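One structure below.
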Amino acid sequence: KAGVTQTPRYLIKTRGQQVTLSCSPISGHRSVSWYQQTPGQGLQFLFEYFSETQRNKGNFPGRFSGRQFSNSRSEMNVSTLELGDSALYLCASSLGGVNTEAFFGQGTRLTVV
Amino acid sequence: GNSVTQMEGPVTLSEEAFLTINCTYTATGYPSLFWYVQYPGEGLQLLLKATKADDKGSNKGFEATYRKETTSFHLEKGSVQVSDSAVYFCALRGGSNYKLTFGKGTLLTVNP
C-alpha cells in the first residue's frame, strides 16, 4: 500500500513569489492535514480537509490556503512568500476520525531567499 | 486548548541503556495519544498510539501507557540501539478538533 506522497521534495523560491505544494494521501483516506515545521516553532497545524471541505484551520495568515480534490489529493498554496515561510511542510492523511492515526509524508522543504 | 509538554532534550545514551521520555498533556475529554519519530531529513513516522485510559501502545520495543490520573504518556524502551537515534514527538488529538497537537520534540542520540 503506497504511503503519503508529497511533491516536490525541495523548493527554492524568492520573496514575493507564490508556491503550490501537493499531497497524495493513502488510498481510502479522506482526511488530509498540513503542518509547518520550523526549528523555532516546532510543528504547527495549518489546516485539515475532509471530503473536500476544510474542517479545521490553524492560526496562519490568509496567505496560506489549501484545497482538496474529489480524489482526496490536496494542495496548499502560499502567496507573497516571506523569508519566515522557510520550513518543512508536512502532509498527513487519515481515515478522518478523531481517534484514527495520521500518517505523514516525507515533507516538502521550502526555502525562501 | 489542548497542549503537550515533553521533556527537553537532547538525551544521550549508550547502546542497551534504558530510555524514558516524559510526556504530559492538557486536554478536555478523552484524547487519543501518539508518539511519532522523525529521522534526519524525513517526515514523521507513527511509533505507537493509545486511545483510552490504561491502554498500552507498543511497537519495536517501545511502550507507552495512557495514564489519565496523571495526564501522562511516557515513552519507554528497555534497551536502545544506535538506530533509535532520532527526534521523538508526543502528540494528542481529541475533542471536536481533528488536529494533532505536538510537543516540542526530544532529540535522542544513542552512542555505540
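Letters go in sequence order (proteins before strands), and every chain restarts at 1. From a predicted model like this one, the values you see are computed outputs, not experimental measurements.
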Legend entry - Between B:Y98 and A:F50, ring centroids under 6.0 Å: no
Legend entry - Contact origin within B:Q45 toward chain A - heavy atom pairs under 4.5 Å: neither
Legend entry - Leading residue by heavy atom contact count with chain A [cutoff under 4.5 Å; candidates B:L100, B:L46, B:T51, B:T101]: B:L100
Inset, instruction - Select one option (side chain, backbone, both, neither) describing which atoms of A:E48 are under 4.5 Å from chain B's heavy atoms. - result: side chain
Legend entry - Heavy-atom proximity to chain B below 4.5 Å, by part of A:Y35: side chain
Inset, instruction - Let me know if A:Q6 has heavy atoms under 4.5 Å from chain B in its side chain, its backbone, both or neither. - result: neither
Inset, instruction - Could you tell me whether a side-chain N or O of B:T109 sits under 3.5 Å from a main-chain N or O of B:S85, the two making a donor and an acceptor? - result: no
Inset, instruction - Report the residue from A:Q36, A:Q37, A:R109 that forms a side-chain hydrogen bond (donor to acceptor under 3.5 Å, both in side chains) with A:Y89. - result: A:Q36
Legend entry - Check: B:R93 side chain, A:A102 main-chain N or O, donor-acceptor pair, under 3.5 Å: no
Inset, instruction - Please look at A:R9 and chain B and tell me whether the side chain, the backbone, both or neither of the residue comes under 4.5 angstrom of a heavy atom of that chain. - result: side chain
Legend entry - Heavy-atom contact with chain B under 4.5 Å, split by part of A:S94: side chain
Legend entry - Contacting moiety of B:K49, where chain A heavy atoms sit under 4.5 Å: side chain
Inset, instruction - Please name all residues satisfying side chain to side chain contact (heavy atoms under 4.5 Å, CB included) with B:P112, sequence neighbours left out, ordered by chain then number. - result: B:E15, B:V82
Legend entry - With sequence neighbours excluded, residues passing salt bridge (charged side-chain N to carboxylate O under 4.0 Å, His left out) with A:R63: A:E82, A:D85
